[in-house]
Amino acid sequence: MGTAERRDAPEVGVAERPARMAGRTGPERGIPARTPDGVRAGRQRPLWVEEPAKRRRMADPVRTAAVRAVLVIAVTLIQAMVAFLCTLAGSWAAFPMVISSVASTVVATWAVVDVWVTRQVWNQRYGVVSEPSSTARQLRRERRAARRRERTARRDQERIARRAGAKRLSHP
């Protein structure tokens, strides 16, 4: 059963759902529910309850920047740990690892700032704030007006072309 089917299916608890495995006929095991008196009832409650997300999903460019930042930070931490261990061991690789860790720290800082800037830019371009001065709303209004003007101009040109064509046919 896919996610869409599950969403449209009636609410069925774990106890009421039939077993899907071959050879099993009984209901799936759950946790027995307690009545207000503290006595266990025969009906079992589900192991978990799905709840809607509290926050909206991040925009694609912001999520991409965040994933990139996490990967860069992970590599930086690994490099720093290797540099530290090489220094403790007195290895010849300690100096190059320390230098690369410093460079990676700069890159990781840039990646985090990139997430922040990308988020701000996305919110400014596409986010709608409940204010009349919202940048996104103003841009949308301007785009709609430009499209309207373009459609009107195109219709006028077609109308002129039709009229001019009709005159040419009637007057050689």
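- Applying the side chain to side chain donor-acceptor pair (under 3.5 Å) test to pairs two or more places apart or on separate chains, none has a residue in residues 145-154.
- With contacts defined as side-chain heavy-atom distances shorter than 4.5 Å, the pair Val62/Asn123 does not qualify.
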Sequence neighbours left out, cut at 3.5 Å: what donor-acceptor pairs do the side chains of residues 52-59 make with other protein atoms?
none

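- By the salt bridge (Lys or Arg N to Asp or Glu O under 4.0 Å) test, Arg159 is found to be paired with Asp156, residues two or more places apart in sequence or in another chain being considered.
- For residues 89-103, the set of pairs meeting the salt bridge (Lys or Arg N to Asp or Glu O under 4.0 Å) definition, not counting sequence neighbours, is empty.
- The salt bridge (Lys or Arg N to Asp or Glu O under 4.0 Å) pairs that include a residue from residues 99-111 number zero, where partners must be two or more places apart or lie in different chains.
- Ile78 belongs to a hydrophobic cluster whose remaining members, ordered by chain and number, are Val82, Met97; membership requires side-chain heavy atoms of ILVMFWY residues under 4.5 Å apart, directly or through intermediates.
- In this structure the side chain of Gln124 never reaches within 4.5 angstrom of the side chain of Trp122, judged on heavy atoms.
- Residues passing the side chain to side chain contact (heavy atoms under 4.5 Å, CB included) test with Glu142 are Gln138, Leu139, sequence neighbours excluded.
- No side-chain heavy atom of Leu71 sits less than 4.5 Å from a side-chain heavy atom of Val75.
- Within the structure, side chain to side chain donor-acceptor pair (under 3.5 Å) pairs that include any residue of residues 84-96 do not occur (at least two apart or interchain).
- Not counting sequence neighbours, the partners of Val121 by the side chain to side chain contact (heavy atoms under 4.5 Å, CB included) test are Val117, Arg125.
- Nearest heavy-atom pair across Ala65 and Val115 is O-CG2, 3.3 Å.
- Applying the side chain to side chain donor-acceptor pair (under 3.5 Å) test to every pair with at least one member in residues 101-113, sequence neighbours left out, gives these pairs: Gln79-Ser104.
- Sorted by first and then second residue, the salt bridge (Lys or Arg N to Asp or Glu O under 4.0 Å) pairs with a member in residues 70-79 form an empty list; sequence neighbours excluded.
- Annotation: salt bridge (Lys or Arg N to Asp or Glu O under 4.0 Å) contacts involving residues 65-76, sequence neighbours excluded, comprise Arg68-Asp114.
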